[in-house]
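The structure appears right after this line, and notes come after that.
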Amino acid sequence: MIAKTHSTRSPAQKNGSDSTCRYKRTLDRIRDQVQCCKRPEGSVRLIAVSKQHPAKAVVELARLGQTDFGENYVQESLEKIQSMKALRASDPLPLPICWHFIGNIQSRKCRDIAENFDWVHTIDNPKIAKRLNSFRDQSASLQSLIQVNLQNEPGKAGIQADELTDLAELIDSLPNLEFRGLMIIPRPESSFDLQRKVFRELRELLESHQSHYPNMNQLSMGMTNDMEAAIHEGATMVRVGTSIFGPRTPKNQSGIQ
Ligand SMILES: *Cc1c(COP(=O)(O)O)cnc(C)c1O
């Protein structure tokens with residue numbers, strides 16, 4: 001008999017229907033904002049950010065028709081991707097899953113990312129781009145976004161705007177990567193107008209390079225707290241975790257589990 005059991009899971013994680021509700025509310029938020037900006041229906045793709053949530057939560061959403069999932073940590077995501085594959089054989093999902101890597105890319109993880117993901121949002125240096133290319137199977141190119149840091153935040157991932165031309169040219173020249181657009185994680189801002197400002201800058205940066213790269217048409221921007229502003233400024237992909245899955249437990253005492 002164990003004297004004290006002690007659940008670390010939030011009520012939202014225990015109760016499946018809770019995340020179903022949250023998911024539907026998130027889809028409504030996107031749809032409302034798309035309508036409000038008079039953008040075409042279906043022009044914003046929802047990436048459900050499932051980091052720190054179990055494969056079970058991914059399966060639940062996939063059964064509701066969600067296809068795109070974002071992950072930040074390679075080891076954790078490989079386990080989920082494998083268990084989803086196994087499940088596909090025994091109890092197929094309605095639609096194939098598309099995996100997006102949205103975390104920092106370590107050099108030694110490039111092989112795993114290139115072999116297991118469909119999209120990568122966070123390329124920010126030439127060495128990483130070349131390594132991803134070298135490990136990618138030729139049969140389907142890795143859909144690639146460059147992460148940009150427009151606010152000069154020290155220590156933060158992402159290239160400066162004036163570095164874009166060189167990195168874009170490199171990615172475009174690599175046979176197994178397809179350059180698709182830009183991604184940003186801005187500083188949190190509480191006002192809608194301030195949130196919009198940096199998203200607008202990212203859109204303008206994309207527009208200023210678009211004539212060179214016909215398939216560069218994706219803006220990955222907007223999370224739980226700023227997705228409306230991002231959609232307003234032209235986001236084609238929003239990366240949303242908390243609004244769908246509820247709060248995450250802080251990742252620091254890793255190693256256990
Ligand atoms: C965790 C994460 C998200 C999701 O953030 P929420 O605020 O939970 O919606 C989106 N993008 C990136 C890069 C993340 O790391």
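Side chains are part of it too, since the values below use all heavy atoms of this structure and drop only hydrogens, waters and symmetry mates.
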Indicate yes or no: does Asp28 engage Arg31 in a salt bridge with an N to O separation below 4.0 Å.
-> yes
Partners passing ring-ring contact (aromatic ring centres under 6.0 Å, His included) against Phe199 (at least two apart in sequence or in another chain) | none
If you draw a 6.0 Å radius around CG in Asn104, do more than 12 non-hydrogen atoms from other residues or ligands fall strictly inside?
-> no
In chain order, what residues pass the salt bridge (Lys or Arg N to Asp or Glu O under 4.0 Å) check against Lys24, with sequence neighbours excluded?
-> none
Ring pair (Phe, Tyr, Trp, His ring centres under 6.0 Å) contacts in which one or both residues fall within residues 132-159, not counting sequence neighbours = none
Please name all residues satisfying side chain to side chain donor-acceptor pair (under 3.5 Å) with Asp162, sequence neighbours left out, ordered by chain then number.
-> none
Counting distance only, does the side-chain N/O of Thr26 pair as donor-acceptor with the main-chain N or O of Ser243 below 3.5 Å?
-> yes
In terms of the angle between their ring planes, are Phe192 and His232 parallel, tilted or perpendicular, with boundaries placed at 30° and 60°?
-> perpendicular
Verdict with supporting geometry, His100 and Asp118, side-chain hydrogen bond (donor to acceptor under 3.5 Å, both in side chains) = CA-CA 6 Å; His100 299 250; Asp118 304 287; over 6 Å; no
So does Arg187 pair up with Asp226, basic N to acidic O under 4.0 Å?
-> no
Flag yes if more than 12 heavy atoms outside Asn217 fall under 6.0 Å of its CG atom; otherwise flag no.
-> yes
With side chains defined as the heavy atoms from C-beta onward, is the minimum distance between Leu142 and Asn176 less than 4.5 Å?
-> no
Among Met216, Gln147, His121, Arg203, side-chain contact (heavy atoms from CB on, under 4.5 Å) partner for Leu182 | Met216
Below 4.5 Å, heavy atoms only, C-beta onward: do Asp91 and Arg63 meet side chain to side chain?
-> yes
Shared hydrophobic cluster, Ile244 / Val59 (ILVMFWY, side-chain heavy atoms < 4.5 Å) = yes
Counting heavy atoms not belonging to Lys51, are there more than 12 under 6.0 Å from its NZ?
-> yes
Tell me, please, which residues at least two apart from Lys130 pass side chain to side chain donor-acceptor pair (under 3.5 Å).
-> none
Kindly say whether Leu205 contributes a backbone atom to a donor-acceptor pair with the side chain of Gln210 at under 3.5 angstrom?
-> no
Co-members of the apolar cluster containing Met223 [side chain, <4.5 Å] | Ile47, Trp119, Leu145, Met183, Ile185, Met237
Hey, does Glu76 have a side-chain heavy atom less than 4.5 Å from the side chain of Glu71?
-> yes
Ile105 side chain reached by Val120 side chain, heavy atoms, under 4.5 Å = yes
